[in-house]
Participant: 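Have a look at this one before I ask anything.
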Amino acid sequence: MSKQKILAILQKNAGSFISGEAISQQLGISRAAVSKAVASLRGEGYEIRSVTNRGYCLCAAPDSLTEGEILPWLNTGHVGSNLLVFQTIDSTNNYLKREEEHLPSGTVAVANEQTGGRGRRGRTFQSPGDVGVYLSALLRPDVEPAKALNLTAYVAVAVCEGIEAATGLKPEIKWTNDIVLHGRKLCGILTEMMLESESMTLRSIVTGIGINVNQREENFPEDIRTMAGSLAMMTGEPVRRGRLTAEVINALDRMYADWLSGGADYLERYRRRCLTLGRDVQLLHPDGTVEPAFAEDVDEQFGLVVRMPDGKRRTVTSGEVSVRGLYGYV
Ligand code: BTN
């Protein structure tokens, strides 16, 4: 534990020296404990200089997904109040669903790698280690299940805002909740609801977010290579995953408070980022049929309002909608 505290002190003073004496006094631990923790941090890849009579200076930090890299940026109330970080796990959504009974609302599970990452419609979500951020939040709002159906759209807005805070990029939303930039998918969201089987009341919600962060184009599997993108491909430089994770959790926390109180202008924020609007689309039905349409609006429930070729308006509330000019639809 004191190792994390020492890391936080070094991070706060990054680039300048702080004496071992000052650290040991601040934390009420011995000088020997400080130097042991510094050695251990070096073993994890932190470059820490030590100079006689000046102390320690953090010069460079690895892009590891650890509490030590996330906590200094975290500024949350409910979402993220219990933070669990895994190096490898099957799926952060699965973990929270498995352990749901023992975990408080607001728990966030973060993973450096997922071996069984899941996407929507039973698809797998490629979750390689060291290049992505995979996280899920457990929420227990006291609302009817129907009221919770729009939460995933709010999550999409929050994820865009978190990415923007960390990188300055301005991601867009492909209805309903793919996060896209320059025509490539950066991030997917999978929101799952747990209902009480007898009363059909809402027990909890797990919302999972997978972000491609530092992949290069050739790292993506061939079948998605032209459609997928990473933040580093957009910024042209590596993106630090600890800060990004924290900014996404911070944005989720603000969003959840707003969602519960029914306040804030998420519908407007969603519409502004929704790249589907004003474009030709195809409605892909579960039976394999495809209908052309034009996307006109997003309604109060975050349904997609489309104009059909016969001039009639229709609201789409679920299913796949492909957008002309995106993901190979020309
Ligand atoms: C999609 O685009 O189909 C949704 C992808 C959701 C992936 C995230 S990664 C964190 C969480 N754990 C999972 O197994 N899935 C979600």
Side-chain angles (χ1 to χ4, degrees), residues 65 70 79-80 83-100 103 107-139 149 151-160 162-163 171-181 183-194 204-215 219-221 223-231 241 244-249 251-252 273-276 284 286 318-323 326-328:
L65 210 47
I70 300 169
V79 182
L83 181 71
L84 306 170
V85 184
F86 301 92
Q87 284 312 295
T88 301
I89 199 166
D90 55 342
S91 146
T92 51
N93 267 38
N94 288 358
Y95 173 82
L96 291 183
K97 285 166 72 179
R98 270 197 309 269
E99 299 298 323
E100 187 230 342
L103 294 170
T107 297
V108 172
V110 178
N112 171 58
E113 177 186 40
Q114 293 185 128
T115 52
R118 293 189 295 111
R120 279 174 291 139
R121 295 169 204 290
R123 297 184 191 124
T124 55
F125 185 80
Q126 298 287 336
S127 316
D130 305 328
V131 288
V133 166
Y134 317 106
L135 69 88
S136 304
L138 174 70
L139 304 169
L149 290 175
L151 182 71
T152 198
Y154 278 65
V155 171
V157 173
V159 171
C160 288
I163 290 174
E172 298 172 294
I173 302 168
K174 174 182 169 290
W175 187 90
T176 50
N177 59 10
D178 275 359
I179 308 299
V180 172
L181 196 63
R184 289 175 182 257
K185 177 167 167 175
L186 290 176
C187 164
I189 299 168
L190 175 66
T191 302
E192 301 180 276
M193 271 192 215
M194 269 69 73
S204 56
I205 300 174
V206 170
T207 184
I209 297 148
I211 311 176
N212 301 325
V213 185
N214 284 323
Q215 288 93 335
N219 298 141
F220 289 108
D223 54 327
I224 58 167
R225 195 165 291 165
T226 55
M227 295 181 265
S230 71
L231 295 175
R241 292 177 303 148
L244 172 71
T245 302
E247 295 292 4
V248 169
I249 298 172
L252 286 172
R273 292 197 188 255
C274 185
L275 63 77
T276 310
L284 313 177
S318 64
E320 290 280 282
V321 173
S322 60
V323 177
L326 203 67
Y327 303 175

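What you see is a predicted model; the values in this text were computed from it and never measured. Throughout, numbering of the chain's residues begins at 1 and tracks the sequence. Whatever order the structure lists ligands and atoms in, that order sets their numbers, starting from 1. No hydrogens, no waters, no symmetry mates; every other heavy atom, side chains included, goes into these values.
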Participant: What's the verdict on side chain to side chain contact (heavy atoms under 4.5 Å, CB included) for Val110 and Leu84, showing C-alpha distance, side-chain angles and the deciding distance?
Facilitator: CA-CA 6 Å; Val110 178; Leu84 306 170; over 6 Å; no
Participant: How would you list, by chain and number, every residue that makes a salt bridge (Lys or Arg N to Asp or Glu O under 4.0 Å) with Lys174, sequence neighbours excluded?
Facilitator: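 None.
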Participant: Can you name the one residue among Asn93, Thr176, Thr152 that meets side-chain hydrogen bond (donor to acceptor under 3.5 Å, both in side chains) with Thr191?
Facilitator: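 When Asn93, Thr176, Thr152 are each tested with Thr191, the side-chain hydrogen bond (donor to acceptor under 3.5 Å, both in side chains) holds only for Thr152.
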Participant: With side chain to side chain contact (heavy atoms under 4.5 Å, CB included) as the criterion, how do Phe220 and Gln215 come out once you've worked through the C-alpha distance, each side chain's angles and the decisive distance to 0.1 Å?
Facilitator: CA-CA 7 Å; Phe220 289 108; Gln215 288 93 335; 3.6 Å; yes
Participant: Hey, what polar pairs (N/O, under 3.5 Å) does ligand 1 make with protein?
Facilitator:
{"from": "ligand 1", "atom 1": "2 (O)", "to": "Lys185", "atom 2": "NZ", "distance (Å)": "2.6"}
{"from": "ligand 1", "atom 1": "3 (O)", "to": "Arg120", "atom 2": "N", "distance (Å)": "2.7"}
{"from": "ligand 1", "atom 1": "12 (N)", "to": "Thr92", "atom 2": "OG1", "distance (Å)": "3.3"}
{"from": "ligand 1", "atom 1": "12 (N)", "to": "Gln114", "atom 2": "OE1", "distance (Å)": "2.9"}
{"from": "ligand 1", "atom 1": "14 (O)", "to": "Ser91", "atom 2": "OG", "distance (Å)": "2.8"}
{"from": "ligand 1", "atom 1": "14 (O)", "to": "Arg118", "atom 2": "N", "distance (Å)": "2.7"}
{"from": "ligand 1", "atom 1": "15 (N)", "to": "Arg118", "atom 2": "O", "distance (Å)": "2.7"}

Participant: Compute whether any side-chain donor of one residue and acceptor of the other, for Asn94 and Arg118, lie under 3.5 angstrom apart.
Facilitator: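 A pair is found: one side chain offers a donor N or O, the other an acceptor, under 3.5 Å apart.
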Participant: For the side-chain hydrogen bond (donor to acceptor under 3.5 Å, both in side chains) test, which of Glu100, Glu192, Lys97 pairs with Ser204?
Facilitator: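 Per the side-chain hydrogen bond (donor to acceptor under 3.5 Å, both in side chains) rule, the option paired with Ser204 is Glu100, out of Glu100, Glu192, Lys97.
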